Participant: 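Sharing a structure here in structure tokens format.
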Amino acid sequence: TVWLKQGKDICIAATGTVVRSAVKAAEKLEKYNISAAVVNIHTLKPMDKEFVDRLRDYRLIVTVEEHNIMGGLGGIIAEEISDFHVHPKLVRIGAEDYYPHAKTYNKLLEETGLSENSILDRIMRHISDDFI
């Protein structure tokens, strides 16, 4: 794992080419006074235990992947944090359980919710007023 951005409220774990979108979304969260860490998870297995332990410190964990949300990064992190006595909320962002038709890359990112604005919108939907 590579910590690309430090933050204290949210941890965004991303893998693949959407890491850039995750970083951009985290930068946009700053205008709402939300401090978001971004971690590039370049290797899913074995999962970095030090990274998993640090997840206890966050109020929200967001996974972002160019993959079906079933059986990918979000699923692995869900399994890992299930052993915590108390754990943060987890939001998995990726392709839902369907196969999109061929389009341009940017249109596919929009359709699957993986553009920086889509990631930001999804995170904001999971943040309550008392979070900010």
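Both backbone and side-chain heavy atoms feed into the values below; hydrogens, waters and symmetry mates do not. One-based numbering along the sequence shown. Only a predicted model underlies this, so the values are computations on that prediction, with no experimental measurement involved.
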Participant: Can you tell me how far the CD1 atom of Ile41 sits from the CE atom of Met47, to the nearest 0.5 Å?
Facilitator: 5.5 Å
Participant: Of all heavy-atom pairs between Pro88 and Ile61, which one has the smallest distance, and what is that distance?
Facilitator: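 Between these two residues, the closest heavy atoms are CG-CD1, 3.7 Å.
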Participant: Quick one: NZ on Lys8 to CD1 on Ile34, what's the gap to the nearest 0.5 Å?
Facilitator: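 Lys8 atom NZ to Ile34 atom CD1 measures 10.0 Å (nearest 0.5 Å).
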Participant: Tell me whether Lys103 at atom NZ has more than 12 heavy atoms from other residues, nucleotides or ligands lying less than 6.0 Å away.
Facilitator: yes
Participant: Please check if atom CD in Gln6 has more than 12 non-hydrogen atoms from other residues, nucleotides or ligands closer than 6.0 Å.
Facilitator: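 Yes - once you tally the heavy atoms of other residues, nucleotides and ligands closer than 6.0 Å, there are more than 12.
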Participant: Tell me whether Ile76 is reachable from Trp3 by hopping between hydrophobic residues (I, L, V, M, F, W, Y) whose side-chain heavy atoms are closer than 4.5 Å.
Facilitator: yes
Participant: So, for Ala14 and Ala22, which heavy atoms are closest and what is the spacing to 0.1 Å?
Facilitator: CB-CB, 3.8 Å
Participant: So, taking the atom named OG1 in Thr112 and the one named CD in Glu66, what distance separates them when rounded to the nearest 0.5 Å?
Facilitator: 7.5 Å
Participant: Got a donor-acceptor contact below 3.5 angstrom from the Asp9 side chain to the Ser35 backbone?
Facilitator: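 Judged by distance alone, yes, a pair lies under 3.5 Å.
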Participant: Within a 6.0 Å radius of atom CZ on Arg56, are there more than 12 heavy atoms belonging to other residues, nucleotides or ligands?
Facilitator: yes
Participant: To check you understand the geometry: which heavy-atom pair defines the closest contact between Leu90 and Gly74, and what is its length?
Facilitator: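 Taking every non-hydrogen atom into account, CD2-O, 3.8 Å.
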Participant: NE2/His42 to OG1/Thr1 distance, rounded to the nearest 0.5 angstrom?
Facilitator: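 Output value for this atom pair is 6.0 Å.
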Participant: How close do Ile12 and Ala26 get, counting heavy atoms only, and between which atoms?
Facilitator: CD1-CB, 4.0 Å
Participant: Is it the case that more than 12 heavy atoms not belonging to Lys24 sit under 6.0 Å from its NZ atom?
Facilitator: no
Participant: How many angstroms lie between atom CD1 of Ile123 and atom CG of Leu29, to the nearest 0.5 angstrom?
Facilitator: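 Taking CD1 in Ile123 and CG in Leu29, the distance rounds to 5.0 Å.
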Participant: In Å, rounded to the nearest 0.5 Å, how long is the span from CG of Leu55 to CG of Leu60?
Facilitator: 11.0 Å
Participant: Would a single hydrophobic cluster contain both Val62 and Ile127, if residues Ile, Leu, Val, Met, Phe, Trp and Tyr are joined by side-chain heavy-atom contacts under 4.5 Å?
Facilitator: yes
Participant: Under a 3.5 Å distance rule, please check whether Arg92 uses its side chain to pair with a backbone N or O of Ile69 as donor and acceptor.
Facilitator: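 Yes, because the side chain of Arg92 sits within donor-acceptor range (under 3.5 Å) of the backbone of Ile69.
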Participant: Side chains of Thr15 and Glu65: do they bring a donor and an acceptor to under 3.5 Å?
Facilitator: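 On atom types as modelled, these side chains do not qualify, holding no pair under 3.5 Å.
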Participant: Answer yes if Met124 and Val64 sit in the same cluster of Ile, Leu, Val, Met, Phe, Trp and Tyr residues linked by side chain heavy atoms under 4.5 Å apart, and no otherwise.
Facilitator: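 Yes.
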Participant: Would you sort out whether His87 and Ser82 count as a side chain to side chain contact (heavy atoms under 4.5 Å, CB included), showing the intermediate values?
Facilitator: CA-CA 7 Å; His87 57 79; Ser82 71; 5.7 Å; no
Participant: Is there a donor-acceptor contact under 3.5 Å from the side chain of Thr63 to the main chain of Leu73?
Facilitator: no
Participant: So, the side chain of Tyr58 versus the backbone of Gly7: is there a donor-acceptor pair under 3.5 Å, distance only?
Facilitator: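 Yes.
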Participant: Would a hydrophobic clustering, with Ile, Leu, Val, Met, Phe, Trp and Tyr connected at side-chain separations under 4.5 Å, put Ile119 with Tyr32?
Facilitator: yes
Participant: Would you check if Cys11 and Val39 make a side-chain contact, meaning some heavy-atom pair closer than 4.5 Å?
Facilitator: yes
Participant: With side chain to side chain contact (heavy atoms under 4.5 Å, CB included) as the criterion, how do Leu114 and Tyr105 come out once you've worked through the C-alpha distance, each side chain's angles and the decisive distance to 0.1 Å?
Facilitator: CA-CA 10 Å; Leu114 292 168; Tyr105 181 70; over 6 Å; no
